[in-house]
Each structure stands twice: as C-alpha cells, then as structure tokens.
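Below: the structure, in structure tokens.
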Amino acid sequence: MAASSNSSLSGSSVSSDPEDYQPPIWKSYLYQLQQEAPRPKRITCPQEMESRPKYYGREFHGVISREYADELLAGAEGAYLIRESQRQPGTHTLALRFGQQTLNYRLFYDGKHFVGEKRFESVHDLVTDALITLYIETKAAEYIAKMTTNPIYEHLGYTSLLKDKTVHRLGRGHTEPRRVTFQRDERISSPLVRRSALKDTTEKQCSYEKIHNFKVHTFRGPHWCEYCANFMWGLIAQGVRCSDCGLNVHKQCSKLVPSDCQPDLRRIKKVFSCDLTTLVKAHNTTRPMVVDMCIREIELRGMKSEGLYRVPGFSEHIEDVRLSFDRDGEKVDIGANAYADINIVAGALKLYLRDLPIPVITFDLYSKFIQAAKIPNPESRLEAIHEALLQLPPAHYETLRYLMAHLKRVTMFEKDNLMNAENLGIVFGPTLMQPPEQNALTTLNDMRQQKLVVQLMIEHEDVLF
C-alpha cells in the first residue's frame, strides 16, 4: 500500500535542458486501487411504484425502512437502491452497500443528482464515483495523507527553467519600488521639501508572482497530479485545473502549489477585462500592451489636445479599439490614420483601466489609500501613500508608476491642454480606485480622497515611485 507498490507508467529523467526533458514518474498505486473498486449493482424493485419520481428508475423502492433496505442489499458489495424516507415523506435516501455495511445518504436532484458537492447525470454515475472514493480513501488513507510530502513539482525541468527565464526577463525592464522618507527642511520656507533616502535593503522582490486560477475540472481518461505525481481518482471533478496555464493537480495539492503561474496565451481569450498580472505574464511584458501603446500614441500626437482625458471620444470608436485589442493584440493599429481623434485612444486607455477585474489600486489596499488621503499633515500623508504603494502587486505598481510618469508629462502641457494634476485626479481617481463593496454611496463619499490620491501621485511622482 505504500510507495513500494508504485510503478511507472512512463519514462523518467529530469534535465535543465528543455530539449532533453522527459515526463516524471507517474505513481500508479491509486490508479490500481480505482481499478479494484467495487462496481455498482442496482437492486431493482419488483413492482412498479406509482410514487416514483420521473428522474429515478427501477432502483426506487418507495417508502421502506432502513432495516428492510439493509436486507435487500445484504451480501452484495456495491449494491444500491433509493428509498423514500419514512420520517420525512417526499425526501429520498440513497442506500449503498460498502465495507459489509449499509451507508445511507440524503439524495437530492436539481436537474442533476447529488449527495455532496459533485453533481451527476445519473444515479449510476454517482454511485460509481462514491464507490471509487470510498474504496480508495479506505484502503489508502495513510498514503493520501502523506502524498504531498515529497512533491515532484519543484523538480520538474520545465518548471524551474520557466521560473528562471521569467524572473530574468522581468528583471530587465522592471523598476523596483523604493522606500523614501519625507521630511521638512527648516532652512527653506516651502511647506513641503522632499528628500529621498534609498535604503540598502530591497523592499520588494523583482518578480511578477501570480497565483494559479484553479477551477474544478472533470478529466476524460486517466490523469495524474502534476504536483505530487499521484493518480487523480474518481469519475468526475477529480481535481482542479488552472484556467490560465493549464496545470492539473489534486484539490488538496492546489493549496501547496507556489504562486508561479505562467499563463498560456492560448488560454487568454481577451485583453480587456483580463487580470493585469495574468496579461503581462502571458505576453512576457512588464506592463499591459494597452497601456504602453496608448500612452505612446498619445505622447506622439495628443499632448497639446485641449481637455485630454477629460473630453470623451466617440463611444462606438472606443469600443472598436477594445475589440481590436482583444482580436489582434499588439498588432492593432491605433495610429492617426485609423483614429484621427486622439480622444478615442485616451478613452480606450481609460476603459481598459476601468474594466480591470482587480483595479490598478487593488481592492485590498483601497482603504489604505483613502485613509492616507485624509491625513492632514502633508509629509505624513505622502509617507502613508508611499507605504501603500509598496504593497501593490509588482505588475500593478509598474503600471501605476508608468501611468503617473505619463500624466506628469501631460501636466507640463497644461497651457495647451488645460489639464493640471487636480483635473487629471478627478478623471483618473474613480478609474484607478474602486471600493471593494462596489457601493455607490461609498464611491460618492470617497471621490474627494480618490481625486487627491491621484493628484498627489502625479505631483510627487518623482519621489513616490
């Protein structure tokens, strides 16, 4: 029953060279147990039951006692029937014979059959899955408890190589957050003089960590966990799959997998409304392509445009830009020949930032920024905003840093575009910051602080980032 029972279903050798990579040893012990599990044996009712629900078959026996159900199932491992409860008419119980005893489960139907989280097309499938699970968890309880103690995940050649390449690539173009202090200089009459003191210690690692986006998945045919190398047992919902990178693991193993998801472009269906970190990792960039391309186009031909970012572009054309990014990615044309009105490009950038599932200033840090904006002392207020910035995920921080540097340049053309830091704060406050509870009253009450946070980040961009 222990690891000595395992056998290889494929060759195995780990190499740092992806060309030499071969699959690891997949452990077959749990697969063998699934093959040995008892098969369902339906115990049919000899007479037609008028009270039988249309979604049950001849395994329905009507109102019978537990004792009689036990007699009908006795001696047949895997035998099952459905009975109506004597105590609660209208409710149904699945009686299943396993381990020389009869197990009783409350049975439900809502278009599919279920006794727990899993939902099945037929009662037969439900019983098949239950017998597999009961058999494996009875025979291999100790093995299952220990199967995550010696994972193969960190030793896979492609995993470690991919991690090294990703960190190296992102490290080249990423500006590390730096901690600064804000002090008042008594020798100068200015109310706020900023002096930055960079610390020797790194405040934040230069890596774009991303948690896996695991979702329950039904695997067709035998599948093995890519974390512990053990078989994923059951008939349906045997494990979870990351919808961004395709990693397949047991549900219990998913809690131990590192935050090293490397999204696969083939699984990323769109650019707009896609998680920011997911998008930059999938496209191997430090910032979203939408941000880079739109800002580049705006700085090329739109910095003197009156009301830049305040004047709305034609909504149908903005939607066209969105669809083009989703369809063509970085190959999209947003030049003057395609969109002569620069407000369309500016509108597309605002739409992208507004539609992020997690805003640039993340939900969990929203209150920190709002509270920082309420601090009356200017130096303490900047300190608090800076501390909150350091807690942003790397991709969010880098996007915000790049955007604020751009908006700072926009203010340098205020004479022409009439957009100062305060005006831009009004525009971008609710775009970059959204309260986690999505409450209209909260948003209304926080508008002043939202505007002030963005205004201060623009005005003090050179020190805050």
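Just the heavy atoms: all of them, side chains too, but no hydrogens, waters or symmetry mates, feed the values below.
The two residues Ile268 and Ala282 have their closest heavy-atom pair at CG1-CB, 3.8 Å. Smallest separation of non-hydrogen atoms from Asp333 and Ala338: O-CB, 3.6 Å. Considering all non-hydrogen atoms of both residues, Leu73 and Ala95 come closest at CD1-O, 3.5 Å. Considering every non-hydrogen atom in both Glu137 and Ala141, the closest pair reads O-CB, 3.3 Å.
Rounding to the nearest 0.5 angstrom, the gap separating the CG atom in Asp244 from the CG atom in Asn213 is 4.5 Å. Here the straight-line distance linking atom OH of Tyr105 with atom CG of Leu126 works out to 10.0 Å at 0.5 Å rounding. One finds the CD atom of Gln35 at 8.5 Å from the CD1 atom of Ile132 (value rounded to the nearest 0.5 Å). Rounding to the nearest 0.5 Å gives a distance of 7.5 Å between CG of Asp446 and CE of Met433. Interatomic distance, Phe98 CZ to Thr133 OG1, rounded to the nearest 0.5 Å: 10.0 Å. Separation of atoms NZ (Lys368) and OG1 (Thr362) is listed at 10.5 Å; rounding is to 0.5 Å.
Using a 4.5 Å heavy-atom threshold, the side chains of Met293 and Leu349 count as separate. A heavy-atom distance below 4.5 Å is not found between the side chains of Asp320 and Phe325. Inter-residue side-chain proximity for Pro430 and Met447 is flagged as unmet; no heavy-atom pair is nearer than 4.5 Å. Looking only at side-chain heavy atoms (C-beta outward), Leu353 and Lys350 stay at 4.5 Å or farther from each other. Side chains of Ile82 and Leu107 form a contact here, defined as non-hydrogen atoms less than 4.5 Å apart. Looking at heavy atoms from C-beta onward, Tyr80 lies out of side-chain contact with Lys41 at the 4.5 angstrom threshold. The shortest distance between side-chain heavy atoms of Glu67 and Asp70 does not fall below 4.5 Å. Contact check for Val249 versus Leu247: side-chain heavy atoms found under the 4.5 Å cut-off.
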Next on the checklist: Applying side-chain contact (heavy atoms from CB on, under 4.5 Å) to Tyr55 and Val123, what does each step give before you reach the verdict?
Outcome noted: CA-CA 9 Å; Tyr55 40 83; Val123 173; over 6 Å; no
Item to check | Derivation of the side-chain contact (heavy atoms from CB on, under 4.5 Å) call for Cys294 and Ile334 | outcome: CA-CA 8 Å; Cys294 288; Ile334 55 173; 4.2 Å; yes
Next on the checklist: Apply side-chain hydrogen bond (donor to acceptor under 3.5 Å, both in side chains) to residues Asn248 and Tyr227 and explain how you reach the verdict.
Outcome noted: CA-CA 8 Å; Asn248 303 317; Tyr227 181 79; over 6 Å; no
Next on the checklist: Show, in sequence, the C-alpha distance, side-chain angles and deciding distance for Arg97 and Thr102, and conclude whether the side-chain hydrogen bond (donor to acceptor under 3.5 Å, both in side chains) test is met.
Outcome noted: CA-CA 4 Å; Arg97 190 73 177 180; Thr102 299; 3.0 Å; yes
Next on the checklist: Between Tyr366 and Gln450, is the side-chain hydrogen bond (donor to acceptor under 3.5 Å, both in side chains) condition met? List the steps.
Outcome noted: CA-CA 9 Å; Tyr366 177 85; Gln450 290 175 348; 3.1 Å; yes
Item to check | Test log, rule side-chain contact (heavy atoms from CB on, under 4.5 Å), inputs Tyr339 and Ser324 | outcome: CA-CA 12 Å; Tyr339 302 100; Ser324 297; 4.1 Å; yes
Next on the checklist: Test side-chain hydrogen bond (donor to acceptor under 3.5 Å, both in side chains) on Gln371 and Ser367; report intermediate values, then the result.
Outcome noted: CA-CA 6 Å; Gln371 293 306 314; Ser367 61; over 6 Å; no
Next on the checklist: Does Val127 form a side-chain contact (heavy atoms from CB on, under 4.5 Å) with Leu96? I'd like the steps, not just the answer.
Outcome noted: CA-CA 8 Å; Val127 174; Leu96 173 63; 3.7 Å; yes
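A ring-centre distance under 6.0 Å is not found for Tyr109 and His92. Aromatic ring centres of His61 and Tyr68 lie farther apart than the 6.0 Å criterion allows. Ring centers of Tyr397 and Phe465: under 6.0 Å apart, within the cut-off. The distance between the ring centers of His406 and Tyr309 falls below 6.0 angstrom. In this structure, Phe114 has its ring center no closer than 6.0 Å to that of Phe120. For Trp233 and His250, the ring centers are positioned less than 6.0 Å apart.
Judged by distance alone, the side chain of His396 and the main-chain N or O of Val360 form a donor-acceptor pair under 3.5 Å. With hydrogens and angles ignored, the 3.5 Å screen pairs no side-chain donor or acceptor of Gln391 with any backbone N or O of Leu365. Between the Arg83 side chain and the Leu81 main chain, no donor and acceptor come within less than 3.5 Å of each other. In terms of modelled atom types and a separation under 3.5 Å, the side chain of Thr285 and the main chain of Pro288 share no donor-acceptor contact. Here the side chain of Lys118 pairs a donor or acceptor atom with the backbone of Ile236 at under 3.5 angstrom. Without hydrogens or angle criteria, Thr149 side chain to Lys146 main chain gives a donor-acceptor distance under 3.5 Å. No donor-acceptor pair closer than 3.5 Å links the side chain of Trp224 to the backbone N or O of Met232. With Glu77 contributing its side chain and Gly99 its backbone, the two residues share a donor-acceptor pair below 3.5 Å. Between the side chain of Asp129 and the backbone N or O of Leu235 there is at least one donor-acceptor pair closer than 3.5 Å. Within the 3.5 Å criterion, the main-chain N or O of Phe272 finds a donor-acceptor partner in the side chain of Asp326.
A salt bridge does not link Arg296 with Asp292: none of the charged nitrogens is closer than 4.0 Å to a carboxylate oxygen. Between Glu59 and Arg42 there is a salt bridge, since at least one side-chain N of the basic residue sits less than 4.0 Å from a carboxylate O of the acidic one. Salt bridge status for Asp355 with Arg322: absent, with no side-chain N to carboxylate O gap under 4.0 Å. A salt bridge links Arg119 and Asp110; the closest N-O separation between the charged side-chain nitrogens and carboxylate oxygens is under 4.0 Å. A salt bridge links Lys251 with Glu117: the distance from a Lys NZ or Arg NE/NH1/NH2 to an Asp or Glu carboxylate oxygen falls below 4.0 Å.
For Ile211, the CD1 atom counts as loosely surrounded, since its 6.0 Å shell holds 12 or fewer non-hydrogen atoms of other residues, nucleotides or ligands. Crowding of Gln100 atom CD: a count of heavy atoms from other residues, nucleotides or ligands under 6.0 Å not exceeding 12. For Glu330, the CD atom sits in a loose shell: 12 or fewer heavy atoms of surrounding residues, nucleotides or ligands are nearer than 6.0 Å. A 6.0 Å sphere centred on CD of Glu48 holds more than 12 heavy atoms belonging to other residues, nucleotides or ligands.
Side-chain polar atoms of His212 and Asp260 form a donor-acceptor pair below 3.5 angstrom.
In this pair, Tyr31 and Phe231 present their aromatic rings perpendicular. The plane angle is above 60°, beyond the 30 to 60° band.
Residues meeting the side-chain hydrogen bond (donor to acceptor under 3.5 Å, both in side chains) test with Thr278, sequence neighbours left out: Lys210, Asp275.
Arg52 forms no cation-pi arrangement with Phe60, by the criterion of a distance under 6.0 Å to the ring centre and an angle within 45° of the ring axis.
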